[in-house]
Amino acid sequence: MDADVIVVGNGPVGATLGVLLAQRGRQVTVLERRRRPYTLPRATSFDGETARLLAGCGTGAGLGRITEPAGAYQWRTAADEILLDIAFRTEGPYGWPDANTMHQPALEELLAARAAELPGVTVVRGRQVVGIEERDERVAVTAEDEDGAARTYTARWVVGCDGANSFVRHHLDVPVTDLGFSYEWLLCDVRLREPRVFVPTNLQICDPARPTTLVGSGPGHRRWEFMRLPGERAAELNREETAWRLLAPYGVNPDTATLLRSTTYIFQARWAERWRAGRVLLAGDAAHLMPPFAGQGMCSGIRDVVNLAWKLDLVLGGLAPESLLDTYTEERRAQVHESILSSVQLGRVICVTDPMAAADRDATILAGRRGRGPTVPDPAKPLTRGLLHRAGDGSPTAPAGEVIPQGRVRGPGGTGLFDDVVGRGFVLLLAPGADAGLDEEQSAFLTDLGTHVVRLLPEDGEPKGGAVADVGGVYRAFLARHRADAVLVRPDYHVYGAASGPGTAALVDDLRDQLGAGVPAGAGGSGA
């Protein structure tokens, strides 16, 4: 067998999955149809939660070099009145800026460099997947090069991260739900010749005469998007001279910027109904597409593969049954539905070209926000389904499903973000002075999962023996808010569950039961 997992597609989502699996010791083959990396940007930003997830790939030190924090995101009327005003924090609840603008090719270079450091990842370029066949406990994937020469690769699992026109999805004949909400826009990516400060960083101009988007896209780069108007020919809009004409009012011309790309595109709002068929799974744009207005397209794909990677690892290691992978679809599809619907709702605000309808929209929104200032972004969406600690009625017991915040802690080696100081994987976090009360079998189970058992100390405490000082009190405050002595956190930073006193041992037993009871002690762990 060639690999544990074949990943089809080497964009940010596929590359992230390859790195995450290789970091856990798995052998991964990534098949990419392009012979060379794609040099033009697509996504332009990611949120603070996604920054944390990307840092888990070992790229944290490089993210700051290729990104710039966004200061604010505003939606304005044609008369420059503020309809929506979001103030981004430079240090958000997950240890990173709330919004990070980036030039996507730079992110892909960063991920490629990390993959090159890992012996478990093999990236094969210039190979178009043309066939997938499941054979007992493996999958055979046939891919052709540019000359039509075919080669077959095999693995225990295959994940399609091959974009909106996914071959893998078509091969599986997966039904797709399409909300039918789509508009055509002209996208213009530019590289500025001189540094400029744009306030706000990201702006939606809700002008019925021409709905327009202005967003940062990393150091020295910026994007404008212009909606195609009713009766306007796409061919006329999709011309370089049209791009320069529309950019001119913003001080962008051939003397001040280089036009990297100008092209029309049609956004869509849809999702695949099934993300797993046997040993083949879908992730990223292959599984879902959404309008760009909430900036969650790539972020959602990264969340997909972070959710999937640790589950695949447990299944490959014999620490969980294959049925664990069904929770991937259950958990992520519910979250993606919400993101798509939110993006569509925002799209219905800006994609208005009728002046009377726009005037009604403006009056309604302005009346609703009268006297209100900027808001901060909502917390990351919690999980509501899947692998979570639950009450007797089946509902998750708070804070199960929440993304745990990330603060700074001091360990024996110094002070830093919790994930960097403690490590990644399952975490059992204990309040100062708390006793988990675990027996030998429960402790062995956590060891098999590669769990970090961490005891919190006050800010001035002396870290030793698996204890860390809670600098700033983020974690003590979290535990106190939920009246808990312990919190068990999954490798994707979602809380599995919290407990007090003897409930901690029961919480560990519940995880073992949900993972498929009978995980043998000493079976070997994987939680990096």
Mark yes or no for whether N100, through its side chain, and A51, through its backbone, hold a donor-acceptor pair below 3.5 Å. no

Within 45 degrees of the ring normal and closer than 6.0 Å to the centroid, is that where the cationic atom of R222 sits relative to F198? yes

Would you confirm whether N10, through its side chain, and E32, through its main-chain N or O, come within 3.5 Å as a donor-acceptor pair? no

Please say which of E225, Q204, M227, R228 ends up in a side chain to side chain contact (heavy atoms under 4.5 Å, CB included) with P211. M227

SB check E322 R279 (cutoff 4.0 Å): yes

Does a donor on one side chain sit under 3.5 Å from an acceptor on the other, for D85 and Q74? yes

If you measure from the Lys or Arg side-chain nitrogens to the Asp or Glu carboxylate oxygens, is any gap between R210 and E232 under 4.0 Å? yes

Name the one of V158, L316, T29 that satisfies side chain to side chain contact (heavy atoms under 4.5 Å, CB included) with V5? L316

Please report the closest heavy-atom contact between P377 and F88, naming both atoms and the distance. CG-CD2, 3.6 Å

Side chain to side chain donor-acceptor pair (under 3.5 Å): pairs with one or both residues in residues 284-299, sequence neighbours excluded: D47-Q296, H288-D304, Q296-R303

Closest non-hydrogen atom pair between C206 and R361, with its separation: O-NH2, 2.7 Å

Would you say D492's side chain and V306's backbone share a donor-acceptor pair under 3.5 angstrom? no

Just checking, is any N or O donor in the side chain of S217 or T101 under 3.5 Å from an acceptor N or O on the other one? no

Regarding R52 and the six-membered ring of W96, is the cationic atom NZ or CZ under 6.0 Å from the ring centre and inside 45° of its axis? no

Is there a donor-acceptor pair under 3.5 Å between the side chain of Q268 and the backbone N or O of D178? no

Polar side chain donor-acceptor pair, Y496 to Q514, under 3.5 angstrom: yes

Can a salt bridge be assigned to the pair E146 and R33 using a cut-off of 4.0 Å between side-chain N and carboxylate O? no

Over all atoms of both residues, closest heavy-atom pair of E134 and G278: OE1-CA, 3.8 Å

Take Q335 and R332 through the test side chain to side chain donor-acceptor pair (under 3.5 Å) and record every step on the way to the result. CA-CA 5 Å; Q335 283 194 319; R332 287 297 305 133; 2.4 Å; yes

Whether the side chain of R196 engages the backbone of L192 through a donor-acceptor N/O pair (distance < 3.5 Å, no angle test) should be reported. no

Can you give me the closest heavy-atom contact between L282 and S166, atom names plus distance? CD2-OG, 4.4 Å

C188 side, atom SG; L260 side, atom CG - distance, nearest 0.5 Å: 10.5 Å

Derivation and outcome, salt bridge (Lys or Arg N to Asp or Glu O under 4.0 Å), residues K311 and E331: CA-CA 12 Å; K311 294 176 180 178; E331 293 173 0; 2.7 Å; yes

Hey, does the side chain of D189 reach the backbone of L259 with a donor-acceptor pair shorter than 3.5 angstrom? no

Taking all atoms of both residues into account, what is the closest heavy-atom pair of L111 and T16, and its distance? CD1-OG1, 3.8 Å

If you measure from the Lys or Arg side-chain nitrogens to the Asp or Glu carboxylate oxygens, is any gap between E236 and R239 under 4.0 Å? yes

Cation-pi check for F426 against R490: NZ or CZ below 6.0 Å from the six-membered ring centre and within 45 degrees of the axis, yes or no? no

Min side-chain heavy-atom separation V280-V139 under 4.5 Å: yes

In this structure, CG of D313 is separated from CG of L20 (nearest 0.5 Å) by 10.0 Å

Minimum heavy-atom distance S262-A243, with the two atoms named: CB-CB, 3.8 Å

Under 3.5 Å, which donor-acceptor pairs link side chains of residues 118-133 to any protein atom two or more places apart or in another chain?
{"unit_1": "R125", "atom_1": "NH1", "unit_2": "R34", "atom_2": "O", "d": "3.3"}
{"unit_1": "E133", "atom_1": "OE1", "unit_2": "R135", "atom_2": "NH2", "d": "3.3"}

Can R156 and E137 be counted as an ion pair, charged N to O under 4.0 angstrom? no

Test: E109 and R114 ion pair at under 4.0 Å: no

Give a yes or no on whether the backbone of G401 and the side-chain of H494 come within a donor-acceptor separation of less than 3.5 Å. yes

Under the criterion ring-ring contact (aromatic ring centres under 6.0 Å, His included), I'd like the reasoning laid out for W275 against Y328: C-alpha separation, chi angles, the key distance, then a yes or no. CA-CA 8 Å; W275 296 16; Y328 162 63; 5.6 Å; yes

Validation row, ring centre F181 to ring centre F267 under 6.0 Å: yes

Measure from the side-chain N and O atoms of Y493 to the backbone N and O of E49, and report whether any donor-acceptor pair falls under 3.5 Å. no

Sub-3.5 Å donor-acceptor pair from the side chain of T329 to the main-chain atoms of D326, do we have one? no

Rounded to the nearest 0.5 Å, what separation is found between the CD atom of E338 and the OG atom of S300? 10.5 Å

Can you list the steps and then say if R76 with I205 is a side-chain contact (heavy atoms from CB on, under 4.5 Å)? CA-CA 5 Å; R76 295 180 181 174; I205 303 176; 5.6 Å; no

Does R424 offer a backbone N or O that forms a donor-acceptor pair with the side chain of D419 under 3.5 Å? no

Quick one: CG on L186 to CG on L247, what's the gap to the nearest 0.5 Å? 8.0 Å

With rounding to the nearest 0.5 angstrom, report the OG1 to CG distance, T384 to L388. 8.0 Å

